[in-house]
Structure formats: C-alpha cells, structure tokens
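The sequence lines fix the lettering, A, B, ..., with proteins before strands; numbering per chain opens at 1.
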Protein chains: 2
Amino acid sequence: MKKKESTKELILRTASELFQRQGYHGTGLNQIIEESGAPKGSLYYHFPNGKEEIAVEAIKLMKKHLLEGAAKDLEEKDTAAEAFQYHIHKIASDFEKKHQMEGVQIGLIASETAATHESLRNSCQHAYADWQALYANRLIAYGYEKEMANDLAVTINALIEGAVTLALTSASGSPLYSVARQLPSLLKQ
Amino acid sequence: MKKKESTKELILRTASELFQRQGYHGTGLNQIIEESGAPKGSLYYHFPNGKEEIAVEAIKLMKKHLLEGAAKDLEEKDTAAEAFQYHIHKIASDFEKKHQMEGVQIGLIASETAATHESLRNSCQHAYADWQALYANRLIAYGYEKEMANDLAVTINALIEGAVTLALTSASGSPLYSVARQLPSLLKQ
DNA sequence: GTCTATATAAAGATAGAC
DNA sequence: GTCTATCTTTATATAGAC
C-alpha cells in the first residue's frame, strides 16, 4: 500500500511543478498554498527559511525525477545514438501529449537565479553535475573513452536544455525532433 | 557625431540588460527606473501598456544585437565548422571577461513566459525564427542543402542556448568550449 | 515630455490560537 | 502540526503639477 503523501511532500511537489512552469520569481508562495491546498502556516513550519529553502528542496526533487527518467530511457539500447535518440523522443512525445514540460528542465530556475541567488545556482549546478555523470557513464558503457564521454555528456545536456526551451517557445515538439535527427552524427564513433 | 540616447532608448537598454540577467519576473519596474535614472512618469509615457510592452520592445532590441553579433562572427571563414566554432568561442570569451552574458540569450524570458504571457512567447518565437534563418542561410552558403541546413540551424541554436545556461550555472565558460569541440562532428559534410 | 507623490494590489514573512 | 489573521515590503500602475 502506498503511503499517503505528507503535507511537506505535497507542498514540495506543487512548488516543483510551478517553478518549472513559471520560474522562481514567477511563482508566489500564495499560489503554492492555493494550488496545494496546504495552509501558509504549514509552509513556514516545514520550511522555516521560506521561499529559497522550498526552491532548494524542489530542485533536489526535480533532479531525482530527472535522473530516474533518464536512466530508464537510456537502458538496453544497442548503440549510444539509439539510446539518446529514444530519450529525446520520449521528452518530445510527453510534451506533445501534455503541452507542458514535466521534470525535464531546471534551466529556467538556473538562469533566473544564477546572478542573484547563490544557493539556488549551487543546487542547479549539482543537479547538472549528476545528470552529466549519468550521461557520461552510459556513454562509457557504450565504448567511449572517458574524456570524450564527458565532453559529449555536456554537449547532449546543452542540446536537450536548449531544445526544450525552443519547444516551449514554439509550442511544438519539432525542435526536439530536429535535434534528435542530428544526434547520430554527434555520436558516430 | 553619435546622437545622444533618448530616454526611451535608455529605458529600453536598461530593461533589456536586467531582463537578460534576472528574467522578466525577477526584474521590477522600480529597478529599471533606478538603474536607468529615468523617472517613472517617463516610463509610462513611453510605454503606456506598462511592463509587458517594455518587455516586447526589449526582446526586439535583444534580437537586433543577437543577429548583428552572429552575422559578424560567421563572416569569412573557410568552413561551416570554423565559422560556428568561432561564434561560440566569442560568446565564451565574452562571458569569461565580464562574468555575465550580454545579448546572447532570450531563452530565460522565453521559458518564463511561454506558459503565461502569449505576447512575450510570440516575440521570443519570432526572435528564434530570425536567428535560425540567419544560421540556415550561412549553412546553405557553406554548401548545405536546404532541409539539412534548417535542421542544423535549430540544433546549433539549441546547443548554444543550452550551453549558455550551463555556463551561467557553473559560472564558467567551460560548457561552451565542450560544445565547440563537438561541433565539427555535427558539421562534417 | 518630465517628474513626484500616491493609489492599490500582491509579494514574502510572522504571530499566536488551536 | 495546523490554521487564520496580520505585518511589512515591494510590485505595478496612475494622477496631476510643471
């Protein structure tokens, strides 16, 4: 039996969704309260340091989902190109179904806060580091040498972040498919 | 002799810088007033529709600078790979000098407003379209066939947007250099 | 066209009863 | 741990003198 979601988890999940869709500054605590149904008192009980603390925890949650999703997508494919193409196609089809990104992008919060909120910039940096480590390990498993794998991991990470931004802006999965078509030349060993 | 910057231009330039660094919601009109030195009355005189109107104009200005910079970077190189590598290296070294991005990224505003402010999403979409058209035209000049050039233009656009996000987050130009190193395999004709 | 003062709403945060 | 009421600051926006 699945354990019931605690108030803290509920707040965090709601915040995580809103931050991804509207960004850090675009999301108010009042909105988190309203959408989650949790009372404001509870919010400050569970997160005494307020908005910034919620965001740090929300980024950790996004990272967790990000890594789980990516790890699953990259399993059991014959080549690196196939694996990452499948990964990107998955993101694209999810987006086209729901018309919103879900657990694929921390770039918005990262860009917003890089110049002004050191603790959030740091959280995002750690998320990217773990993400890229996962990609690099998969690439090594497909036969790439370590240094090359690291460079490619960064490149694929950038490619996906950028393509997600373009997809949101054009309200279409098409940029993701363009990128996926070009992946094989990047991963031709 | 250079014409003196009008109040309207001053407001727009200041807003454009702040929006790029802190995003749309992270930048208040009061901050634009303070940093530009312009009075609040003037702001609403020149932009009667308030913040959203300023942002639409600011995005147009960013696009202009973006296109001018890119066009210049991509001139007179022997191969497409050389041209775009030079372009990315230029972005990276600019970033390392000033520790902030200047006129390279509209992705932040785009992602922030895609779900909530249709007019801004639209402005960003047009900026990306022009940007990609410039890239595609350069690629065609380097001998690529039209459809391939379009796909590559989208891919390089995504790559740069994503790498800029990673650079801001890690406070380092390194992701841009990683991406630049991988460009040749993408542009091997 | 410029500038200040002000209205009004919303933000983040806190206090204290239960 | 939960909930409401409230404080303070900041946001966007306006009015009206000059």
**Request:** For B:H89, enumerate each residue passing the ring pair (Phe, Tyr, Trp, His ring centres under 6.0 Å) test, keeping only those at least two apart in sequence or located in another chain.
**Result:** B:Y177
**Asked** What residue pairs, at least two apart or across chains, pass ring-ring contact (aromatic ring centres under 6.0 Å, His included) with a residue in residues 146-167 of chain B?
**Response** none
Only distances under 3.5 Å count here; give the side-chain donor-acceptor pairs of residues 97-105 of chain A to other protein atoms, sequence neighbours excluded, each with its distance to 0.1 Å.
residue	atom	partner	partner atom	Å
A:K98	NZ	A:E102	OE1	3.1
A:Q105	NE2	A:T165	OG1	3.1

**Request:** Linking directly or through intermediates, with side-chain heavy atoms under 4.5 Å: list the remaining ILVMFWY members grouped with A:L108, chain and number order.
**Result:** B:L108
**Message:** Please enumerate all residues that pass side-chain contact (heavy atoms from CB on, under 4.5 Å) together with A:T113, with sequence neighbours excluded.
**Reply:** A:Y24, A:I109, A:H117, A:L120
**Prompt:** Looking at residues 15-28 of chain B, who's got a heavy atom less than 4.0 Å off DNA chain D?
**Reply:** B:T27, B:G28
**Complete:** Here the residues of residues 40-57 of chain B within 4.0 Å heavy-atom distance, strictly under, of DNA chain D are B:K40, B:Y44, B:G50, B:K51
**Request:** Could you tell me which residues satisfy salt bridge (Lys or Arg N to Asp or Glu O under 4.0 Å) with B:E118, sequence neighbours excluded, listed by chain and number?
**Result:** B:R121
**Request:** For A:R13, check salt bridge (Lys or Arg N to Asp or Glu O under 4.0 Å) against everything at least two apart and list the hits.
**Result:** A:E5, A:E17
**Prompt:** Is it the case that B:Q22 and A:T116 place a side-chain donor and acceptor less than 3.5 Å from each other?
**Reply:** no
Extract all donor-acceptor atom pairs below 3.5 Å that involve side chains of residues 67-78 of chain B and protein atoms in other chains or at least two apart in sequence.
residue	atom	partner	partner atom	Å
B:D73	OD2	B:H87	ND1	2.8
B:K77	NZ	B:D73	O	3.3
B:K77	NZ	B:E75	O	2.8

**Prompt:** Quick one: how far along DNA chain C does chain B reach, first to last nucleotide 5' to 3', anything under 4.0 Å to a heavy atom?
**Reply:** C:dG1 to C:dT4
**Prompt:** So which pairs with a foot in residues 127-137 of chain A pass salt bridge (charged side-chain N to carboxylate O under 4.0 Å, His left out), sequence neighbours left out?
**Reply:** A:K63-A:D130
